[in-house]
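Atom set for the values below is all heavy atoms of this structure, side chains included, hydrogens, waters and symmetry mates excluded. Small disclaimer: the values here were computed from a predicted structure and weren't measured.
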Amino acid sequence: MATYYKLARPDGFDFYSGKTINYRENIGKTVLCPPSDWPNRIREGVWRLCTTDVLHASDTAEKCFVGAKVPCSLYRVEGTPVVEHYEKAGFAELYVLEELDPAEHFKWRYQEAVSPMHPLKIRPSDITESQISLVRAWASVWNSVTDSVRASVWASVTDSGRDSVWDSVYASVRDSVWASVRDSVWDSVWASVRDSVWDKVRDKVRDSVWDSVRASVRASVWAYTGHIFVPVVDTWKYVTPFEGQYPFQPAVNLWMQGLVPSFDGKRWRLHGHEDARILWQGQIT
């Protein structure tokens, strides 16, 4: 029997089949697939992946993210597959060898993926030239962040599981911070321009500002997510790093100081506190 990896929910239960098999409770034991249609499968010799007909495991832990997500628990298992795919294999039974620590096994920053930092919950300090310099540096690269981070991470994360790893980590960051940051920043920006816009053009201006603000805030989310993968990426595509650093580090530094930059097409702003109030605004040259 060959050795494989298995991701399960944090409590040890299988992601796909729910609370039927607990891998943590069966270390040193063999777990069997719930025999939903085994007689027919055995008779026909046909087993299907992505169903409850089989248990799923992969030859690398990264490939396990197809159908799984962070947070998770990780196990090393043994088995003989009854059906195989380049990302996953299906088993009628698995022997659970041991549990592994995801934070130690994955070379990217697993803990930050599980518990991403929320910038609007950090009390920022007074704005100084240091933060404005970070905005200036961020303004020079933010349009490249989506293509660069995605291509660089996909090129660096081990094996074909990279797409699923990225999807899982990005979803964790997005679900934890994106909606609240986006809405709070928009409310703050809109309040700042509302009184200066004529009624007849207000909606058009609002939509135009919203598109730019949303894109710039989303870019910060991408920058922070890319930062999680810095330990496994050697080369960042389509952009020149700052003195050998992660090229989007200025946005990450602002994020970690409780500041979210936004851009309305003309002016940059720095937002902070839970209401994303505007702490600084100006044009960057």
Side-chain angles (χ1 to χ4, degrees), residues 1-36 38 41-42 47-116 153-154 156-173 175-176 225 227-234:
M1 291 189 295
T3 299
Y4 295 84
Y5 293 91
K6 174 72 182 179
L7 286 184
R9 300 178 187 184
D11 60 5
F13 280 102
D14 191 83
F15 271 111
Y16 195 87
S17 60
K19 292 201 171 184
T20 56
I21 300 172
N22 190 299
Y23 290 86
R24 181 172 295 133
E25 294 176 355
N26 284 281
I27 295 173
K29 301 177 183 178
T30 297
V31 295
L32 302 176
C33 180
S36 57
W38 274 23
R41 297 291 165 228
I42 294 172
W47 301 81
R48 298 177 298 177
L49 285 169
C50 301
T51 71
T52 55
D53 291 339
V54 293
L55 301 174
H56 299 87
S58 301
D59 58 2
T60 71
E62 286 80 5
K63 293 180 183 178
C64 293
F65 278 100
V66 178
K69 60 183 181 179
V70 294
C72 60
S73 54
L74 174 63
Y75 304 88
R76 197 165 63 89
V77 297
E78 279 184 343
T80 301
V82 294
V83 58
E84 291 186 85
H85 185 261
Y86 72 91
E87 286 185 329
K88 283 198 171 186
F91 302 80
E93 60 183 37
L94 286 170
Y95 181 78
V96 186
L97 292 166
E98 61 179 335
E99 181 172 3
L100 304 174
D101 184 350
E104 294 183 1
H105 183 84
F106 295 119
K107 302 307 179 186
W108 39 273
R109 293 167 171 147
Y110 172 82
Q111 291 295 357
E112 284 197 61
V114 172
S115 301
V153 171
W154 286 1
S156 301
V157 174
T158 305
D159 297 317
S160 59
R162 57 184 177 265
D163 294 358
S164 300
V165 172
W166 167 261
D167 289 345
S168 181
V169 172
Y170 184 72
S172 178
V173 175
D175 293 346
S176 298
T225 307
H227 148 84
I228 292 173
F229 291 98
V230 163
V232 298
V233 177
D234 294 326

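- Note that CZ of Phe106 and CD of Gln111 are 12.0 Å apart. Values are rounded to the nearest 0.5 Å.
- Contact of the Phe13 side chain with the Ser73 side chain is not registered, since no non-hydrogen atoms from C-beta on lie closer than 4.5 Å.
- Within the 4.5 Å cutoff, the side chain of Phe15 has heavy atoms near those of the Cys72 side chain.
- Of all non-hydrogen atoms in Tyr4 and Pro81, the two that sit nearest each other are OH-CG, 3.5 Å.
- For the salt bridge (Lys or Arg N to Asp or Glu O under 4.0 Å) condition, the pairs that include at least one residue of residues 65-78, sequence neighbours left out, are Arg76-Glu98.
- The OH atom of Tyr75 sits 6.0 Å away from the CD1 atom of Ile27 when rounded to the nearest 0.5 Å.
- The structure places CG of Leu94 at 9.0 Å from CE of Met1, a figure rounded to the nearest 0.5 Å.
- Rounding to the nearest 0.5 Å gives a distance of 12.0 Å between CD of Glu62 and OG of Ser168.
- Taking CD1 of Ile21 as the reference point, atom CG of Asp14 lies at 6.0 Å (rounded to 0.5 Å).
- Contact of the Val169 side chain with the Phe229 side chain is registered, since non-hydrogen atoms from C-beta on lie closer than 4.5 Å.
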Test side-chain contact (heavy atoms from CB on, under 4.5 Å) on Val153 and Trp108 and set out the steps.
CA-CA 10 Å; Val153 171; Trp108 39 273; over 6 Å; no
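- Side chains of Val31 and Tyr23 form a contact here, defined as non-hydrogen atoms less than 4.5 Å apart.
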Can you list the steps and then say if Val230 with Arg109 is a side-chain contact (heavy atoms from CB on, under 4.5 Å)?
CA-CA 8 Å; Val230 163; Arg109 293 167 171 147; 3.8 Å; yes
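- A pairwise comparison of heavy atoms in Pro231 and Ile228 identifies CD-O, 3.6 Å as the closest pair.
- Judged purely by atom type and a 3.5 angstrom limit, Lys6 has no side-chain atom pairing as donor or acceptor with the backbone of Val77.
- Counting only heavy atoms from C-beta outward, the side chains of Phe65 and Val70 approach each other to under 4.5 Å.
- For the pair Glu104 and Lys107, the tightest heavy-atom approach, listed with the atom from each and the gap, is O-NZ, 4.0 Å.
- Note that OG of Ser172 is 12.5 Å distant from CG of Asp167, once rounded to the nearest 0.5 Å.
- In this structure, Tyr110 and Pro71 approach most closely via the heavy-atom pair OH-CA, 3.6 Å.
- Contact annotation: the side chain of Val54 never approaches that of Phe91 to less than 4.5 Å [non-hydrogen atoms, C-beta and beyond].
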